[in-house]
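Report on one structure; see the data block that follows.
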There are 2 protein chains.
Amino acid sequence: MVISPKHIQILETAEKLFAAKGFECTTVRDIAEEAGVNLAMISYYFGSKAKLMEYLFEHRTGNIGMRVENLLKNDSLAPMEKVELLIDEHIERAVQQQRFHKIMLCEQVINKNPVIIKVLRKIKIRNTQIIETLIKDGQKKGAFKKPVDVVLLLSTMIGTVNQMLINKTYYRDFNKLDDLTDEQLQALIKKRLSNHIKKLFKAILTNEP
Amino acid sequence: MVISPKHIQILETAEKLFAAKGFECTTVRDIAEEAGVNLAMISYYFGSKAKLMEYLFEHRTGNIGMRVENLLKNDSLAPMEKVELLIDEHIERAVQQQRFHKIMLCEQVINKNPVIIKVLRKIKIRNTQIIETLIKDGQKKGAFKKPVDVVLLLSTMIGTVNQMLINKTYYRDFNKLDDLTDEQLQALIKKRLSNHIKKLFKAILTNEP
DNA sequence: AATAATCTTAAACATTTGTTTAATTTTAAA
DNA sequence: TTTAAAATTAAACAAATGTTTAAGATTATT
């Protein structure tokens, strides 16, 4: 399928609305109006509303695996340094693509759309295997403890980030950070998430305090 | 409002369907059929589909705060023991009420329904404050480090559990646990979650390894 | 310039949705 | 037993939904 700028425009409008109101509550008319295109263009371009969602998933998840692999190619890095890179990469992407991450989270909870389930499953397996390899390497080098429950560990990373994104405004209120702009708050949360998760990973992976 | 057994039956049927298909994808006709009542009964009993959801939230979140407070009343427990009780209580409830927890997660992501936002916000504030008090107490007694980011720490607990519930079947596959029944898998995940999160909390709260 | 392919549009379509109505049955009270 | 209230039902309602159609405009190709 050829993807024109108009395709992208519709996809990103849809993403915005799906994240704000949920897939089912977003009508094709909403998307068309917000994107400034005719209602029928969405069926013409994507076939259906459901297919549109699937294209969005492909559009957003296309090169995740590759990026992660490139990140770990650098042989001069210690295992824990690589783990830290992975953590920061995940935080960065989750924050940068907040809207899509929210949609993804909902879709995983509902677990209905077979196409999406398949796409996500593929990414998950790949990521888990990469990190498992990385951890085994660290264990061989004596840097990491064994055994490690990789899925459980990744659940902590992904879950903590998700939860913080959900609770962003609540985090602001509870910590009395009203004076910060949204960008400043976001930067602060990123920094704190990074430190926090790295500390957690060290506790699970290494023997150091 | 008087709550008859039939109310409960409808509420729990709705919960089942909301968790399986999402709120929007579940029709009032679905609920009526599955619960074995006439379509009109749902409006007659609850007023509307939206109100039904709100009753469900009240039904499920009614006495959370009280239970948590009772848990911490016991003065003979050390601060870390209380924290461990809280962790196990949360895991137990999340696993036991998986369906409702999924619905809650989706509703928080969408963040649209004002009634639900209000209910959840109240619970969150109360829980965070209770745990903040508990941690401050631990700090005074010298058992805990300072400072501690309470919201971040709770996000790790809640997020990890959510993520594991989402990835349950994936966890089974990746760890080759096909020989376990669903109940056995659930028990295993509970146990591992408990150990894992307690380890994480110790790393953040105390100075011990 | 003529023709074909692609894009765009407004209108129509068939379903499905949550909710209401009005009639009927069941239950409770007098 | 009679009467009033509550519960239950099937049918109807209006609104909204995703999708299609068929006509027209635009662009590309020859």
Side-chain angles (χ1 to χ4, degrees), chain A residues 1-59 99 103 106-107 110 112-117, chain B residues 1-59 99 103 106-107 110 112-117:
Chain A
M1 170 177 172
V2 190
I3 293 196
S4 72
K6 212 156 205 168
H7 282 88
I8 307 281
Q9 189 196 351
I10 294 174
L11 277 176
E12 294 186 349
T13 306
E15 178 181 61
K16 196 169 117 192
L17 294 172
F18 289 163
K21 324 183 349 171
F23 176 75
E24 293 299 331
C25 279
T26 303
T27 70
V28 207
R29 285 170 179 80
D30 288 339
I31 302 170
E33 192 176 355
E34 182 94 7
V37 303
N38 186 279
L39 169 64
M41 292 306 291
I42 286 160
S43 292
Y44 180 72
Y45 270 162
F46 299 96
S48 70
K49 188 188 169 191
K51 286 258 179 65
L52 170 62
M53 178 68 130
E54 293 164 16
Y55 279 112
L56 175 60
F57 264 75
E58 282 165 23
H59 175 59
R99 291 201 267 243
I103 298 170
C106 275
E107 284 299 315
I110 301 297
K112 267 280 164 190
N113 187 322
V115 178
I116 291 176
I117 293 176
Chain B
M1 169 176 171
V2 190
I3 293 197
S4 71
K6 212 155 207 169
H7 282 87
I8 306 281
Q9 188 197 350
I10 294 174
L11 277 176
E12 294 185 349
T13 306
E15 179 181 61
K16 195 169 117 192
L17 294 171
F18 289 163
K21 324 186 342 171
F23 176 74
E24 294 298 332
C25 279
T26 304
T27 70
V28 202
R29 284 170 179 81
D30 289 339
I31 302 170
E33 192 176 356
E34 181 93 9
V37 302
N38 184 278
L39 170 64
M41 291 306 291
I42 285 160
S43 292
Y44 180 71
Y45 269 162
F46 298 97
S48 71
K49 187 188 169 192
K51 285 258 178 65
L52 170 62
M53 177 69 129
E54 292 164 16
Y55 279 112
L56 175 60
F57 264 76
E58 281 165 26
H59 174 60
R99 290 201 267 245
I103 298 170
C106 276
E107 284 299 316
I110 301 298
K112 267 281 164 192
N113 187 321
V115 178
I116 292 176
I117 293 176

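In this text, all values refer to a predicted model and were calculated from it rather than measured experimentally.
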B:Ile8 and B:His59: side-chain contact (heavy atoms from CB on, under 4.5 Å), yes or no, with the steps? CA-CA 9 Å; B:Ile8 306 281; B:His59 174 60; 3.7 Å; yes
(request) Take B:Ile103 and B:Leu56 through the test side-chain contact (heavy atoms from CB on, under 4.5 Å) and record every step on the way to the result. (result) CA-CA 10 Å; B:Ile103 298 170; B:Leu56 175 60; 4.1 Å; yes
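Taking the centre and axis of the six-membered ring of B:Tyr45, the NZ or CZ atom of B:Lys51 falls outside the cone set by 45° and 6.0 Å.
Distances shorter than 4.0 Å separate none of the side-chain N or O atoms of B:Asn38 from OP1 or OP2 on D:dA7. Note on A:Lys6: every side-chain N or O is 4.0 Å or more away from OP1 and OP2 of C:dC7. Here A:Ser48 does not reach the OP1 or OP2 of D:dG18: none of its side-chain N or O atoms lies under 4.0 Å away.
We find that CE of A:Met41 is positioned 15 Å from P of D:dT20, with the value rounded to whole Å. D:dT17 atom P lies 13 Å from atom CZ of A:Phe23, rounded to whole Å. Between the C1' atom of C:dG18 and the CG atom of B:Leu17 lies a distance of 16 Å, rounded to the nearest Å. Summarising the geometry, the separation between CZ on B:Arg29 and P on D:dC13 is reported as 14 Å, rounded to the nearest angstrom. We find that NZ of A:Lys49 is positioned 15 Å from P of D:dA16, with the value rounded to whole Å. In this structure, A:Tyr44 places its OH atom 17 Å from P of D:dT19, rounding to the nearest Å. Here the C1' atom of nucleotide C:dT9 and the CD1 atom of A:Ile42 are 14 Å apart, to the nearest Å. Computed from coordinates, the B:Phe46 CZ to C:dT20 C1' distance equals 18 Å when rounded to whole Å.
Here A:Phe23 contributes atom CZ and A:Leu17 contributes atom CG; the two are 12.0 Å apart, rounded to the nearest 0.5 Å.
Nearest-nucleotide assignment on DNA chain D puts the 5′-proximal partner with A:Cys25, out of A:Cys25 and A:Gly47.
Residue A:Leu39 is classed as a base contact, given a heavy-atom separation below 4.0 Å to a base. At a threshold of 4.0 angstrom between heavy atoms, the contacts of B:Thr27 are confined to the sugar-phosphate backbone, with no base atom among them.
B:Val37 places none of its side-chain heavy atoms less than 4.5 Å from the side chain of B:Thr13.
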